[in-house]
Amino acid sequence: MILMLSEMSVESQIFYSVLLFSWIVYTWEAYLASRQRKIYRTTTHVPAELGNIMDAETFEKSRLYQLDKSTFSFWSGLYSEAEGTLILLLGGIPFLWNIAEQMLYRAGFSAEYEIIHSLVFLLLATLFSAFTGLPWSLYNTFVIEERHGFNQQTLGFFFKDAVKKFLVTQCILLPVASLLLYIIKMGGDYFFIYAWLFTLVVSLVLVTIYADYIAPLFDKFTPLPEGDLKESIENMAKSIDFPLTKVYVVEGSKRSSHSNAYFYGFFKNKRIVLFDTLLEDYSPLNKEGTEDTSGNENTELKAKVKQNLNKKQGCNNQEVLAVLGHELGHWKLGHTVKNIVISQVNSFLCFFLFAVLIGRKELFAAFGFYNTQPTLIGLMIIFQFIFSPYNEVLSFCLTVLSRRFEFQADAFARNLGKAKDLYSALIKLNKDNLGFPVSDWVFSMWHYSHPPLLERLQALKVDKQN
């Protein structure tokens with residue numbers, strides 16, 4: 001293969017090297033997934049060390065759920081890789097660029113309007129991606145998630161949500177892309193600095209406004225009512241100087257019974273968001289019925305709630321505090337800031353290398369652009385294809401770092417005296433989300449941003465009585 005590549009033109013060497021690396025990555029990922037799938041298939045009984053943590057029924061449910069997800073991931077991954085390969089081999093990118101050009105000509109725009117041309121191309125590309133991904137998303141939601149009791153969406157809600165997500169994405173993507181392209185084209189020799197600063201500002205603005213203005217378009221956010229839980233959260237935040245201003249409960253149960261919690265905000269304006277499925281006292285799965293606040297949309301949700309009445313979901317107040325102690329540990333230990341710094345250093349490096357490579361016409365010719373070098377296409381080629389080996393290495397390093405941060409955040413919660421409650425909360429959350437507690441060591445090392453359950457429990461076990 002290497003000998004064959006050496007005899008090709010530079011453009012062909014670039015193209016087939018990108019294609020070859022893509023399939024090497026896919027083969028590696030498929031191999032790792034097959035190792036983990038073997039674990040799902042062969043580990044049919046609760047291991048002795050898990051006997052006090054998980055009952056046989058939950059173990060079997062989680063095994064079957066993860067096996068279904070793994071099989072689905074194999075076929076969807078194979079389709080995605082085959083689709084990407086065909087797009088490259090058949091010249092799909094220049095073809096779509098030409099379609100966008102024809103649409104512009106019909107609308108009265110000439111070839112000099114490159115930014116508008118790029119926006120039309122982006123719109124067509126995202127539409128194509130949305131339509132080709134729709135069958136996979138439908139199967140995942142209404143077959144796999146439904147089969148294992150997680151899906152709470154109706155078909156109507158799903159399509160309404162998908163359309164809304166697409167429109168919101170375009171409202172953000174197109175203006176940001178147009179400004180970025182303008183900065184790159186007009187920024188002169190140091191455009192990469194201005195482009196980096198622009199993306200930094202955009203990312204900080206999006207993080208700031210997401211939970212207040214974007215997320216409420218999809219889910220209902222309500223302030224956590226006054227009571228013991230809210231008072232305890234505020235006291236814990238005060239004890240570690242976390243500048244908490246508001247605590248919200250998000251109605252995540254209308255789309256899925258998976259649970260989560262997070263905080264957001266900058267400087268002295270921090271907010272905490274708790275999914276209703278995380279809270280034992282709020283989860284609809286623990287109630288005899290739900291209040292109909294949205295007409296007929298809740299009818300199917302009520303039926304699903306009744307089917308799950310035997311399943312106690314969520315954590316009690318002390319366990320919720322332990323989970324938040326872990327999350328606030330990320331803040332107190334500077335993990336959030338460190339991740340932002342790493343992200344921005346990487347972003348600056350990528351824009352700098354982009355500035356070095358953007359003038360190489362052979363990069364464009366390798367992907368079918370012989371007579372023109374559009375900036376947007378250059379961004380796609382360099383960031384998505386040329387940087388792919390670097391991105392794989394970086395992704396693995398960040399996964400390793402993330403696991404380290406998770407252990408540190410667990411230790412922080414333990415030092416707050418929450419070891420016992422975090423121990424039980426991790427077990428409950430693993431059960432609620434049907435996490436499988438046995439994993440192949442190579443798969444875990446490469447993929448898990450959070451340590452396996454047993455490793456986290458072992459680290460907490462020493463001081464569990466605190």
Side-chain angles (χ1 to χ4, degrees), residues 200 203-212 215 223-224 228-250 259-275 278-279 315-346 397-430 448-453 455-466:
L200 170 61
S203 62
L204 294 179
V205 169
L206 288 177
V207 167
T208 303
I209 69 172
Y210 174 77
D212 285 327
L224 180 68
D228 292 340
L229 179 58
K230 184 177 182 182
E231 184 179 346
S232 298
I233 291 173
E234 290 172 343
N235 289 337
M236 183 171 68
K238 190 179 297 183
S239 72
I240 62 171
D241 300 319
F242 182 77
L244 179 64
T245 56
K246 292 180 182 179
V247 184
Y248 292 110
V249 178
V250 59
S259 51
N260 198 6
Y262 63 91
F263 68 87
Y264 69 100
F266 288 101
F267 308 113
K268 300 295 183 181
N269 188 29
K270 307 283 189 184
R271 289 99 183 273
I272 289 174
V273 176
L274 307 169
F275 279 52
L278 176 67
L279 309 176
C315 299
N316 61 41
N317 287 359
Q318 290 305 311
E319 291 163 342
V320 171
L321 286 173
V323 170
L324 287 178
H326 167 94
E327 294 299 328
L328 296 182
H330 285 304
W331 170 80
K332 189 69 174 179
L333 297 171
H335 296 165
T336 306
V337 173
K338 289 173 185 176
N339 281 329
I340 291 174
V341 170
I342 292 170
S343 172
Q344 292 310 314
V345 169
N346 173 63
C397 292
L398 291 178
T399 298
V400 173
L401 181 64
S402 176
R403 282 200 299 270
R404 179 178 175 83
F405 283 170
E406 292 302 318
F407 277 125
Q408 291 176 354
D410 281 352
F412 182 86
R414 182 186 64 208
N415 293 335
L416 290 177
K418 304 295 183 184
K420 183 179 179 181
D421 293 315
L422 183 58
Y423 189 97
S424 59
L426 289 174
I427 294 172
K428 282 187 177 181
L429 291 174
N430 186 77
Y448 286 4
S449 61
H450 287 58
L453 176 66
E455 292 183 23
R456 297 182 71 180
L457 295 181
Q458 188 62 39
L460 290 168
K461 201 170 185 179
V462 178
D463 294 314
K464 183 181 169 184
Q465 302 303 321
N466 285 354

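These numbers come from the heavy atoms of this one structure, side chains and all, not from hydrogens, waters or symmetry mates.
Taking 4.5 Å as the limit, some side-chain heavy atom of Y423 sits within range of a side-chain heavy atom of L457. Inter-residue side-chain proximity for F405 and L333 is flagged as unmet; no heavy-atom pair is nearer than 4.5 Å. Looking at heavy atoms from C-beta onward, L324 lies out of side-chain contact with K418 at the 4.5 angstrom threshold. Taking 4.5 Å as the limit, every side-chain heavy atom of V341 sits out of range of all side-chain heavy atoms of K338. Side-chain contact between K230 and P223: absent, with no pair of heavy atoms (C-beta onward) separated by less than 4.5 Å.
The shortest heavy-atom contact between F412 and I240 is CZ-CG2, 3.9 Å. Heavy-atom minimum distance, L328 versus M236: CD1-CE, 4.0 Å. Across S449 and S402, no two heavy atoms sit closer than the pair O-OG, 2.8 Å. The two residues A261 and L274 have their closest heavy-atom pair at CB-CD2, 4.0 Å. E319 approaches D421 most closely through the heavy-atom pair CG-O, 3.6 Å. Across all their heavy atoms, P451 and R456 have their closest contact at O-CD, 3.6 Å.
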*Could you check Q318 against S424 for side chain to side chain contact (heavy atoms under 4.5 Å, CB included), going step by step and ending with a plain yes or no?*
CA-CA 10 Å; Q318 290 305 311; S424 59; over 6 Å; no
*Please step through side chain to side chain contact (heavy atoms under 4.5 Å, CB included) for the pair L429 and L278, ending with a clear verdict.*
CA-CA 8 Å; L429 291 174; L278 176 67; 3.5 Å; yes
_Step-by-step side chain to side chain contact (heavy atoms under 4.5 Å, CB included) determination, E327 to I272_ = CA-CA 10 Å; E327 294 299 328; I272 289 174; over 6 Å; no
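Distance check, rounded to the nearest 0.5 Å: NE2 of H335 to CZ of R404 gives 8.5 Å. Of the inter-residue distances, the one linking S343 atom OG with I340 atom CD1 reads 8.0 Å to the nearest 0.5 angstrom. Taken to the nearest 0.5 Å, the CH2 atom of W331 stands 6.0 Å off from the CG atom of D241. The CG atom of D228 sits 11.0 Å away from the CD1 atom of I233 when rounded to the nearest 0.5 Å. Taking CG of L422 as the start and CG of L416 as the end, the distance is 10.5 Å to the nearest 0.5 Å. The distance from atom NZ of K270 to atom OG1 of T336, rounded to the nearest 0.5 Å, is 7.0 Å.
Partner of V247 under the side chain to side chain contact (heavy atoms under 4.5 Å, CB included) criterion, chosen from V273, L224, L229: L224.
Within a 6.0 Å sphere centred on NZ of K246, other residues, nucleotides and ligands contribute 12 heavy atoms or fewer. For Y210, the OH atom is loosely surrounded, since the number of other residues' heavy atoms within 6.0 Å does not exceed 12.
Between the side chains of E406 and H330, at least one donor-acceptor pair of N or O atoms lies under 3.5 Å.
The aromatic rings of F242 and F263 sit perpendicular, their planes meeting at an angle over 60°, well past the 30° parallel limit.
Here the side chain of N235 pairs a donor or acceptor atom with the backbone of E231 at under 3.5 angstrom. Looking only at distances, a side-chain donor or acceptor of N415 sits under 3.5 Å from a matching main-chain atom of A411.
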